[in-house]
Structures are given as structure tokens and as C-alpha cells.
Amino acid sequence: MMNTALITGITGQDGSYLVEDLLERGYVVHGIVRTPSLQRWQRLDHLLADPEVHDKRLFLHGADLDDVTTIRRIIAGVQPGEVYHLAGQSHVGASFEIPESTCEFTAMGTLRILEILRDCRPVPKFLHVSSSEIFGSPDQVPQDESTPHRPITPYGVAKSFATDMVRVYRESFGFFACNAICFNHESPRRGESFVTRKITRSAAKIKLGLQTQLTLGNLDACRDWGYAPDFVSAFQCMLQQDEPQDLVLATGIPHTVKDWLEIAFGYLDLDWRDWVTTDQRFVRKADPRELLGDARRARRAIEWKPSRTFEEMVIEMVEHEMRVLNPDSSQPVQ
Ligand code: NDP
Ligand code: GDR
């Protein structure tokens, strides 16, 4: 019998890679989407245009994360064997401006889904995408599954709550439920307001004469940046373990925003110092400083390891922007 999976946040960066991964593995996939008046789910266009896939092996259902009754009805109808919970307000900087809705969807949204699943027979396996932001200002570097949570952003607090709830439902109600504690992961499908995509897109635009300046916040900000398709391929493996457990997913290698600038602009033969300015607007009220992941447990448990180097990933993103912005050229403008 085919496995049936339900994904929340299927239209996001990770959701779009996860649905491809699961379809390739032979799953029937159901996704929950918000229902805007203008339906544009760009990252899923290629799948929705495929008559062998759309409404055959991939089905979309409309619901916001606070539509509890609708989500309950969808889950009752679909009867998924596995639920992948990715939906939520994912911008850390924005969480300072909209802390209530961030917590409403990211924290309470997760609890509501756990409560719905509690009434299912059997209870589907459950994967929650947690975040390195739960470590906030950590005492230990690198961080692993046992590092205490010390979030310093509203987003981090919301993810910390959701992460602990997943653990509580595993330990108290016997759920097969796991947290994938993910450090930053990027791709050509990354949202344009995140610093990585902002840099790669702007570098390409500047090269093509479509933009004259790039304004950023803290250029010394340091993160553990990996490649998004590598991360989502771990999600399915996590739910196939003999026993449920949380796993940190990370490369273990730190880089700064300046590293992104050096590689992205350098690849296009530009000196970023000629084009980049900074503005307080993009500097966070609080920003974790020493986030670096230790993914040894994931390596052991699911034989997970990153497939791309940092430099390969940055260049892939720059080349993607050049192709999209300059479709007549098969090669980047050098
Ligand atoms: P995106 O922002 O690209 O995608 C977020 C998804 O959540 C979208 O499908 C969005 O729908 C959906 N969503 C947001 N709010 C709601 C809501 N109220 N109701 C229903 N759906 C909603 O994020 P990513 O794909 O990058 O990340 C996926 C998850 O992983 C997120 O929870 C994020 O916080 C977490 N995470 C991501 C990391 C990363 O580096 N990418 C690292 C660690 C954790 P719509 O398209 O309609 O906006
Ligand atoms: P992050 O990613 O907050 O780590 O959250 P983001 O790309 O937004 O910021 C990374 C670092 O770059 C600094 N920065 C800027 N950030 C943005 N967005 N715009 C700028 O102009 C800019 N200039 C400097 C930030 O201050 C920060 O230090 C991502 C999201 O995917 C979360 O959902 C996820 O949980 C974490 O990664 C792990």
C-alpha cells in the first residue's frame, strides 16, 4: 500500500522540496495551503502542471493554521500515515514586529495539530521542523540535541514552545513524534527577504544593471548555513527510525554574511564593497551570535550528511538568479 503524507507549509521553500522528495519515494501527498484570493503557489507550479501528479498523487486542501475544524476535517478525510509540520511565520526579524501572530501560528498552531492527532486512530507519525533559534544565546558551542533552550527572539520562543510540546506528546502520549532541529538552510527557492537570497538576487541584478545598491544589516552576522534539499531528505528518514528522537541538522561550519557577499559578488566579477551599504533598519533588536550545529547524532542515526559545500551552494543560487533575470543567456554574464 502507498504511504500517505500530509504536509503543512507545502508552498514554502522546504515544503516544495519535501513534496518532490516524497513523490519520488512513491508517496501520495496531501498539502495544506492558505487560501488567498489570488492563488499563486509558484514553488509548486511544475507539479500542479503535471497531469500525472496533480489530483492523482498530490492533493491540496485550503486552511489557515488557526482553522482547527477545517484541519481536523482534512486529517480525518486524508488519514495520513505521516504528518510533516512545516507551516509558520518563518522570518525571525519580522517576529519582533508581529510577535502575537508568530506565536499564534508557530507555537499554538503546532499544539493544535498535536491535539487533533491525539484523537486519531492510529495516531500518524509526526515531524516538526524546529529551529536553531531555540538556542538563542547558548552556553555551549556547537549545539546539539541536549543543549538547553535560551531563545532571545519571539520566533525562537515560539519554536521552543512547539519543540517542547512535541517532546511532551512523545513522552506522555506515546506519539511517534520528532523535532528536526534545523540550522539555516538555503536554496534558489529561499524567500527573498532572507539575507542569502537578498544577496544572491541583488548581486545578479547589479551585474545586469537592474539595481544600483544593496542595503543590509549586520555584515558580521554568523550562521551555520546548509543546503535546503539535504535537510528535507532527512525529514522522511527521521520518521522511519525504530524509535522517535529529535535530531540536529546542520553543517557544523560557520560563515558570515560577508562570506556570502565575497562569493556571490566575486563570482560575477564584482567587488561587493562598491555596492553594499548598511542600515539600522535591518539590524535586529537581538540576534543570536554563536549558532553552530553538531549533527553527529543525525549522522549516526540516519546516515545524514550535507551534499554541497558552502561555496557550491552560493554559486548555484547566483547562477539561478542570472538564468531567471537574464533568460536569453545560457551562461552568467562575466
Ligand atoms: P517559508 O517561509 O518558505 O514557508 C513557510 C510556509 O508556512 C509557507 O508554506 C507558508 O504559506 C506557510 N504558512 C505560514 N503561515 C501560515 C499560516 N498561518 N497558515 C498556514 N500556512 C502558513 O519557510 P521554510 O520553508 O524556509 O521553512 C519551513 C519551516 O521550517 C518553518 O516552520 C521555519 O520556521 C522552519 N525552519 C526553517 C529553516 C530554514 O533555514 N529555512 C531553519 C529552521 C527552521 P504561504 O506560502 O501561504 O506563505
Ligand atoms: P535567520 O535568517 O534569522 O537566521 O532565520 P536571515 O536570513 O533572516 O538572517 C540571517 C542573519 O543575517 C543577518 N542579516 C540580515 N538578515 C536579513 N533577513 N536581512 C538583512 O538585510 C540582513 N543583514 C544581516 C540577520 O541579522 C541574521 O543574523 C532563518 C529562518 O529560516 C528561520 O525560519 C530559521 O528558523 C532560522 O534561519 C534557523
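Counting starts at 1 for both ligands and their atoms, following the listed order.
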Name the option, out of [options], that contains the heavy atom nearest to [atom].
atom: atom 5 (C) of ligand 1; options: G9, G109, G88; answer: G88
atom: atom 32 (O) of ligand 1; options: D14, L86, V129; answer: L86
atom: atom 3 (O) of ligand 2; options: E133, R223, R284; answer: R284
atom: atom 5 (O) of ligand 2; options: V92, T256, I134; answer: V92
atom: atom 44 (C) of ligand 1; options: A162, S193, S130; answer: S130
atom: atom 34 (C) of ligand 2; options: Y155, W260, F282, F183; answer: Y155

Indicate the ring-plane relationship of [X] and [Y], choosing parallel, tilted or perpendicular according to the 30° and 60° boundaries.
X: F173; Y: F175; value: tilted
X: F310; Y: H255; value: parallel
X: H61; Y: H30; value: parallel

Under the side chain to side chain contact (heavy atoms under 4.5 Å, CB included) criterion, do N326 and K207 qualify, and how do the steps go?
CA-CA 10 Å; N326 188 29; K207 183 69 185 178; over 6 Å; no

Where on [X] is there a heavy atom closer than 4.0 Å to ligand 1, on the side chain, on the backbone, on both, or on neither?
X: H91; value: neither
X: R190; value: side chain
X: H185; value: both
X: Y155; value: side chain

Would you say [X] has any N or O atom under 3.5 Å from an N or O of ligand 2, going by distance alone?
X: W225; answer: no
X: T196; answer: no
X: D287; answer: yes

Is there side-chain contact between H91 and E97, with heavy atoms separated by less than 4.5 Å?
no

Is Q13 close to H185 at the side-chain level, that is, under 4.5 Å between some pair of heavy atoms?
yes

So for K159, does at least one of its heavy atoms come nearer than 4.0 angstrom to any atom of ligand 1?
yes

Is a side-chain donor-acceptor pair under 3.5 Å present for [Y] with [X]?
X: T102; Y: S95; answer: no
X: Y267; Y: E311; answer: no
X: Y84; Y: Q236; answer: no
X: Q213; Y: T277; answer: yes

Please could you name the atoms of ligand 1 that [X] approaches to less than 4.0 Å, counting only its heavy atoms?
X: F105; answer: 18 (N)
X: D64; answer: 17 (C), 18 (N), 19 (N)
X: S90; answer: 1 (P), 2 (O), 23 (O), 33 (C), 34 (O)
X: F183; answer: 42 (C)

Could you tell me whether some N/O pair between [X] and ligand 1 is separated by less than 3.5 angstrom?
X: N184; result: no
X: G12; result: yes
X: G15; result: no
X: S131; result: no
X: F194; result: no

Hey, is [atom1] on [X] packed in by over 12 heavy atoms from elsewhere, all under 6.0 Å?
X: E316; atom1: CD; answer: yes
X: E192; atom1: CD; answer: yes
X: R289; atom1: CZ; answer: no

Among all the protein's non-hydrogen atoms, which is closest to atom 2 (O) of ligand 2, and how far away is it?
N184 ND2, 3.6 Å

Looking at atom 7 (O) of ligand 2, what's its closest protein heavy atom, distance included?
V195 N, 2.9 Å

Donor-acceptor under 3.5 Å ([X] side chain, [Y] main chain):
X: T8; Y: L86; answer: yes
X: K125; Y: L239; answer: yes
X: E133; Y: A158; answer: no

Show which atoms of ligand 2 fall inside a sub-4.0 Å distance from at least one heavy-atom site of [X].
X: G217; result: 21 (O), 22 (C), 23 (N), 24 (C)
X: K198; result: 19 (N), 20 (C), 21 (O)
X: S90; result: 30 (C), 32 (C), 33 (O)
X: S132; result: 38 (C)
X: V257; result: 12 (O)
X: A221; result: 13 (C), 28 (O)

The ring-ring contact (aromatic ring centres under 6.0 Å, His included) partner of F231 among W225, F183, W304 is W304

Ligand 2 contacted by [X] (non-hydrogen, < 4.0 Å):
X: S193; answer: yes
X: H91; answer: yes
X: R190; answer: yes

In Å and rounded to the nearest 0.5 Å, what is the CG to CG distance from D224 to N184?
7.5 Å

Going from CD on Q245 to CD on E145, what distance comes out if it is rounded to the nearest 0.5 angstrom?
7.0 Å

